[in-house]
Amino acid sequence: MAVPWKEYFRPALQEKPPLKIPEQNPNHFPPVLCLLEKRRELENADQGLRAQKEVFQTSMAVLRERWEQLEQKEQELKGSFVRFDKFLKDTESRRSRAMRRAAEERHRADRQEAKALRLRAQLEELRRERARLRRGLQHLEPCARLLEQVLEQLPEFQEVPELVARFDTLADTLATLRLTERQRRAELEEARARLQGLRATWQDELLRQGQRRAQLLERLEAARERTLHWESKWVQIQNTAAEKTLLLGLTRLSTLNLFQLVCQHQKQPPALDIQDTEGQLEQVKLFILDLTAMLANLP
């Protein structure tokens, strides 16, 4: 840390206070002696200042050297801190790697132990299987001798495996045929069930169609009766229409005759169409009203 120069030089200045010229009576010394005295004081003051300057320069050099040493120590401390931090990081990394390797080794040892246990269990199982196969071999040894005897009687087979393979083929074929037979029987039973269902359905459908035929026959008879009824109605309507048509024709003819009589009485030509029956009736009505009023005015 830098020290202010005033604080540094203050002790040095305090150690060597400036020389104080003793007070003298100017009446005792002549001016030349006073001048010499003043020069001597100045020389002493210059020597004191040079001494203080040398001390200051020496102190500055010492301080500079000390400062350089401090900076060098600071750099060394920083380097030491960096190396120590790196050492700690390396130590922690090596410790982590060591712990990881230890954990992996423990895990590998556990796996190896589990594998060893599994292999021991498999070995025991294989030993039991070998013992079981030995017992089976001892139990099948008479069968093997029998197969050898059969092989001697069947010259088309050279070895026992060929005979066994042929037997296995025949057994597989027999199993396939039996399975096919079961499937065909199941299909036959299913077809019979469907046939029975179709027969029952056909009888129900036949009964339902007979009932529907009877209903349709009843509806047909009812339709025939309605047809005869409406045919008689139609004949009656046609007769009534003919009568009405004849009556209408007579009425129109009578109206035309009355209109012509009115026109002859009024001595006017017919101004209306022959087919305008309503107009003709209106003219006849007016003529009758006029004639009625005229007769009503007579005494």
Side-chain angles (χ1 to χ4, degrees), residues 1-138 161 165:
M1 184 176 180
V3 181
W5 62 275
K6 291 182 179 181
E7 297 294 333
Y8 178 77
F9 289 109
R10 184 175 297 171
L13 292 175
Q14 289 177 358
E15 291 177 358
K16 291 183 178 182
L19 297 176
K20 184 177 181 181
I21 300 173
E23 295 182 359
Q24 295 180 0
N25 190 358
N27 295 323
H28 290 286
F29 299 99
V32 177
L33 293 176
C34 292
L35 181 62
L36 293 174
E37 185 67 23
K38 293 292 183 182
R39 185 177 294 175
R40 187 176 59 82
E41 292 176 359
L42 289 174
E43 290 177 357
N44 293 331
D46 290 336
Q47 290 178 1
L49 289 175
R50 282 194 297 271
Q52 290 179 1
K53 186 177 180 181
E54 292 176 359
V55 171
F56 173 73
Q57 290 177 356
T58 305
S59 301
M60 287 296 294
V62 172
L63 181 62
R64 192 179 298 111
E65 185 179 0
R66 182 62 176 171
W67 182 256
E68 291 177 356
Q69 291 177 0
L70 290 174
E71 287 183 351
Q72 185 178 359
K73 288 183 179 180
E74 184 179 2
Q75 295 296 328
E76 291 177 357
L77 287 174
K78 288 182 179 180
S80 298
F81 285 143
V82 172
R83 289 192 297 273
F84 185 70
D85 190 13
K86 184 178 180 181
F87 173 75
L88 290 178
K89 290 181 179 179
D90 294 340
T91 303
E92 185 65 25
S93 177
R94 287 193 296 271
R95 180 174 172 273
S96 300
R97 288 196 297 270
M99 292 179 65
R100 188 163 56 252
R101 284 195 298 270
E104 291 177 355
E105 290 296 332
R106 286 195 299 270
H107 186 60
R108 190 179 298 109
D110 294 338
R111 288 201 305 269
Q112 293 294 334
E113 186 176 359
K115 185 177 181 180
L117 293 175
R118 187 169 60 254
L119 291 175
R120 290 194 190 97
Q122 292 178 359
L123 180 60
E124 293 296 330
E125 183 68 23
L126 291 174
R127 287 176 179 175
R128 289 193 293 271
E129 183 68 19
R130 185 179 63 180
R132 186 178 63 81
L133 291 175
R134 283 181 178 178
R135 291 193 297 270
L137 182 61
Q138 293 176 359

Seminar exercise, completed: So NZ of Lys53 and OG of Ser59: to nearest 0.5 Å the spacing works out to 14.0 Å
List, one per line, each side-chain donor-acceptor pair under 3.5 Å for residues 77-86, sequence neighbours excluded.
residue: Ser80; atom: OG; partner: Glu76; partner atom: O; Å: 2.7
residue: Ser80; atom: OG; partner: Arg83; partner atom: NH2; Å: 3.2

For this session: Mind checking the CD-CH2 spacing from Glu74 to Trp67? Nearest 0.5 Å is all I need.
Result: 7.5 Å
Problem set entry | Separation between CG of Leu49 and CG of Asn44, rounded to the nearest 0.5 Å | 11.0 Å
Problem set entry | side-chain hydrogen bond (donor to acceptor under 3.5 Å, both in side chains) partners of Gln47, counting only residues at least two apart | none
For this session: Applying side-chain contact (heavy atoms from CB on, under 4.5 Å) between Arg132 and each of Arg135, Arg134, Arg130, report the one that passes.
Result: Arg135
Problem set entry | Pairs touching residues 91-104 that satisfy salt bridge (charged side-chain N to carboxylate O under 4.0 Å, His left out), sequence neighbours left out | Glu92-Arg95
Exercise. Going from CG on Leu126 to CG on Leu119, what distance comes out if it is rounded to the nearest 0.5 angstrom?
Worked result: 10.0 Å
Problem set entry | Counterpart residues, side-chain hydrogen bond (donor to acceptor under 3.5 Å, both in side chains), relative to Glu125 (two or more places apart) | Arg128
For this session: Determine which pairs satisfy side chain to side chain donor-acceptor pair (under 3.5 Å) with at least one residue from residues 109-122, sequence neighbours left out, and list them in order.
Result: His107-Arg111
For this session: With sequence neighbours excluded, tell me which residues meet salt bridge (charged side-chain N to carboxylate O under 4.0 Å, His left out) with Arg66.
Result: none
